[in-house]
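Shown next, in structure tokens, is the structure this report addresses.
The figures that follow rest on heavy atoms only: side chains count, while hydrogens, waters and symmetry mates do not. Everything quoted here is computed from the prediction, not taken from an experiment.
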Amino acid sequence: PPPAIPPATVAATYPQLGAMLAGLQEEPPSWPGLLVPALLAYLAWWLPSVLLHVASTVDLLYVREFEPKLRKILRRLSSRRLVAFIFCTVHLALCVAAFLGALLMYYSYALFTVFGLTMLVSALWNGAARYNYYLVDAYSKKLHRAIETSLTHGGGKSMY
């Protein structure tokens, strides 16, 4: 490999590039420095949400979709408010886990690369499955209906 050019030489020759390189040599923020502000922002949303879920009798999405399933799992709990609080607490724990996962990827280029490639493969697979549905399944049904209609209205006998 060629010898490394000292940053001072780069800064003298290209002042804007030298300033950019100097900014890259700073230490990345610490885990708490990244995690705490994100969690505080999330808690600013979470606390009012919990109070709304726990105190509300309004038909919220939570009530329609998740409460029956959660009550089935937690059969002994009779209080709707307690079930809502448990739901919101589990939601908080899962969001903290998501923050930690993002933080791990911030510090690990290999993990970030694997995650990105997994997302890319997933998008390709799901997109291919959708095109497969439209090109094969949906048009196959339309073709069968068109043949049926033409044979029925055209005087011929239907094959189906």
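In terms of hydrophobic clustering, with Ile, Leu, Val, Met, Phe, Trp and Tyr side chains grouped at heavy-atom distances under 4.5 Å, L117 and W125 are assigned to different clusters. Under a hydrophobic-cluster definition in which Ile, Leu, Val, Met, Phe, Trp and Tyr are linked whenever side-chain heavy atoms come within less than 4.5 Å, directly or via other members, L47 and V36 are assigned to different clusters. A single hydrophobic cluster is not seen to contain both L124 and M119; linkage of ILVMFWY side chains at heavy-atom distances under 4.5 Å, directly or through other members, places them apart.
Of all the heavy atoms in P32 and P37, the pair that sits closest is O-CD, 3.7 Å.
The side-chain contact (heavy atoms from CB on, under 4.5 Å) check on V114 picks up T118, with sequence neighbours excluded. Remark: K141 engages R145 in a side-chain contact (heavy atoms from CB on, under 4.5 Å) (not counting sequence neighbours).
In terms of modelled atom types and a separation under 3.5 Å, the side chain of S108 and the main chain of M105 share no donor-acceptor contact.
F115 CZ: 12 or fewer foreign heavy atoms inside a 6.0 Å radius.
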With a 3.5 Å cut-off and sequence neighbours excluded, list the donor-acceptor pairs that the side chains of residues 38-45 form with protein atoms.
unit_1, atom_1, unit_2, atom_2, d
Y42, OH, H91, ND1, 2.6

